[in-house]
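Keep in mind that what you see is a predicted model, and the values were worked out from it rather than measured. Order of listing sets the numbers, starting from 1, for every ligand and every atom in it.
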Amino acid sequence: MCSDKCCVVGTVITAVLVFLVGLSVFIIAPIIFMSSVGIQKSLVFPANKIGPINHLITDDYRITGVRNMYIDVPNDGNTENVTLGLWQILPQEIVSDKMKDDEYNFDGVLSNEKHKILLYLHDNRSDRTKFIKLYKILREFFHIFAIDYRGYGDSTGSNLTETNMVNDMKCIFKWIQERSKSKIFVWGHSLGAGIATHLIAELKKEHINAIGLVLEAPFTSVIDVMKTHPVVKFYSIIPWRQATILNPIKNNDMNFDSKSYIKDVDCPIMILHAEDDEIIPFKMATELYDTAINKRNSTYQGNVTFHLYPPEGKGHMLLYSEPDLSEQVRLFIKQCLEFSNKNQ
Ligand SMILES: *[C@@H]1O[C@H](CO)[C@@H](O)[C@H](O)[C@H]1NC(C)=O
Ligand SMILES: *[C@@H]1O[C@H](CO)[C@@H](O)[C@H](O)[C@H]1NC(C)=O
Ligand SMILES: *[C@@H]1O[C@H](CO)[C@@H](O)[C@H](O)[C@H]1NC(C)=O
Ligand SMILES: *[C@@H]1O[C@H](CO)[C@@H](O)[C@H](O)[C@H]1NC(C)=O
Ligand SMILES: *[C@@H]1O[C@H](CO)[C@@H](O)[C@H](O)[C@H]1NC(C)=O
């Protein structure tokens with residue numbers, strides 16, 4: 001008798017528990033995710049925080065000929081005031097061991113159009129101080145501006161959306177253009193590739209051209225990246241995954257749909273990706289490449305070059321260690337200049 005009763009109670013408790021777990025996992029969690037823009041943003045912009053107030057150049061960074069500076073983004077009236085932190089990294093050819101950082105004429109270099117400019121946009125987990133090794137390779141070719149997005153590093157601003165971040169970069173692009181006649185290249189890594197691609201499509205509307213676009217470890221869209229995540233994959237068993245987990249990313253303005261913006265890129269493109277990238281599968285770079293090849297007209301929009309590096313430990317963050325990178329950049333610049341002389 002008693003043991004029968006226990007058995008029934010046990011079964012009921014188990015059933016209730018299973019029901020509650022199922023309810024939490026399949027109903028409550030997706031609904032919380034859907035309703036919390038904060039949780040969504042912490043996934044897409046994990047390093048968004050007000051960081052150290054001043055990234056002054058110190059010996060810690062082991063790089064010289066660099067100016068730390070801040071640019072205000074004009075306030076469009078309805079949102080917050082934003083000040084972006086950036087580094088101006090002089091081209092190697094004018095950097096000398098004998099000079100101190102404050103002895104360079106940084107503004108003068110900016111107006112010397114012989115130096116090609118590179119706008120460098122980093123990934124979603126870093127700030128501008130984290131890519132010294134890459135800057136050292138790229139400054140052999142470029143005069144670099146490395147920017148921190150709003151909310152990143154010591155840039156101010158908290159309203160992180162694709163629209164706002166692309167608009168911020170548009171302001172920086174124009175800030176450079178107002179001071180320099182140099183040709184401007186844009187280089188985006190990971191999230192930065194999404195911002196860069198959208199930026200160039202946006203500039204096109206104003207008939208402004210970059211000379212070349214480099215996409216380092218790019219993705220097709222944030223929703224596509226999420227779909228590769230095991231947890232999000234697991235949720236494919238519920239029919240409301242699209243509505244509760246995927247659509248909010250788009251509705252809340254953080255999808256960075258490069259696969260569609262790349263069609264409006266009217267300059268040569270170079271895509272770099274490693275086969276062992278653990279954050280963004282290289283298949284996405286392949287897909288982006290195919291889209292760029294098939295949906296653009298290379299005759300007047302420029303060629304697309306794709307370098308897929310074999311799985312040798314470069315992953316998502318160490319593409320600068322590719323021994324051929326310098327040569328690939330050199331050839332790309334040459335191609336961009338030829339294209340620009342002919343078309344722009
Ligand atoms: C955040 O920026 C968006 C534009 O992307 C704007 O529509 C919205 O009003 C802003 N929100 C706040 C709280 O300022
Ligand atoms: C933005 O800056 C302007 C000019 O400095 C100032 O008048 C305004 O109050 C600031 N707005 C906010 C929201 O801080
Ligand atoms: C941003 O960072 C997160 C966490 O590190 C990563 O999983 C995600 O794929 C990144 N997203 C994008 C679009 O780069
Ligand atoms: C690309 O554009 C050129 C010049 O406008 C045109 O002659 C050519 O047919 C186009 N190619 C394709 C594949 O559409
Ligand atoms: C673009 O690619 C075509 C076909 O491979 C090639 O003939 C052409 O020279 C390339 N254009 C530039 C500017 O490199």
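- Of all atoms in ligand 3, listed by their number and element, those nearer than 4.0 Å to a heavy atom of I279 are 9 (O).
- The two atoms that bring L121 and M169 nearest to each other are CD2-SD, 3.6 Å, heavy atoms only.
- Applying the 4.0 Å criterion to heavy atoms of T161 picks out, from ligand 1, the atoms 5 (O).
- Counting protein heavy atoms under 4.0 angstrom from atom 7 (O) of ligand 4 gives zero.
- No hydrogens or angles considered: a donor-acceptor pair under 3.5 Å links the side chains of N68 and R128.
- The distance from ligand 4 to the heavy atoms of Y300 drops below 4.0 Å at these ligand atoms: 2 (O).
- In this structure, R150 pairs ionically with E80, as a charged nitrogen and a carboxylate oxygen lie closer than 4.0 Å.
- Of all the atoms in ligand 3, the ones that sit under 4.0 Å from a non-hydrogen atom of F219 are 13 (C).
- Which parts of ligand 3 touch L43 is read off a 4.0 Å heavy-atom cut-off, strictly below it: atoms 1 (C), 2 (O), 3 (C).
- The N/O atoms of T163, backbone and side chain alike, include none that comes under 3.5 Å of an N/O atom in ligand 1.
- Applying the 6.0 Å contact sphere to NZ of K170 captures more than 12 heavy atoms from other residues, nucleotides or ligands.
- Classification of E140 and R330 as a salt-bridged pair fails, no side-chain N sitting under 4.0 Å from a carboxylate O.
- Side chain of Y235 to main chain of V25: a donor-acceptor pair is present (N/O by atom type, distance under 3.5 Å, no hydrogens or angles).
- Heavy atoms of R125 found under 4.0 angstrom from ligand 3 belong exclusively to the side chain.
- The D253 neighbourhood of ligand 1 comprises atoms 5 (O), with distances under 4.0 Å to a heavy atom of that residue.
- Protein heavy atom in closest approach to atom 10 (C) of ligand 3: N124 ND2, 2.7 Å.
- Ranking the protein heavy atoms by distance from atom 4 (C) of ligand 3 puts P46 CG, 3.9 Å first.
- Near V222, the atoms of ligand 3 lying under 4.0 angstrom from a non-hydrogen atom of the residue are 13 (C).
- Here's the thing with T299: none of its N/O atoms is less than 3.5 angstrom from an N/O atom of ligand 4.
- Under 4.0 Å from ligand 3, not a single heavy atom of D123 appears.
- The closest protein non-hydrogen atom to atom 2 (O) of ligand 4 is N297 ND2, 2.3 Å.
- In summary, D107 and R67 engage in a salt bridge, as defined by a charged side-chain N under 4.0 Å from a carboxylate O.
- Close approach of ligand 3 to S190 is summarised as follows: ligand atoms under 4.0 Å from at least one heavy atom of the residue are 14 (O).
- Ion pairing of K283 with E275 is absent here, as no side-chain N (NZ or NE/NH1/NH2) approaches a carboxylate O to less than 4.0 Å.
- In this structure, K314 satisfies the cation-pi test against Y309, with its NZ or CZ atom closer than 6.0 Å to the six-membered ring centre and inside 45 degrees of the ring normal.
- Here the side chain of S36 pairs no donor or acceptor atom with the backbone of I32 at under 3.5 angstrom.
- The atoms of ligand 3 that sit less than 4.0 Å from any heavy atom of V225 are 9 (O).
- Residues L272 and M317 are members of one and the same hydrophobic cluster, defined by side-chain heavy-atom contacts under 4.5 angstrom among Ile, Leu, Val, Met, Phe, Trp and Tyr.
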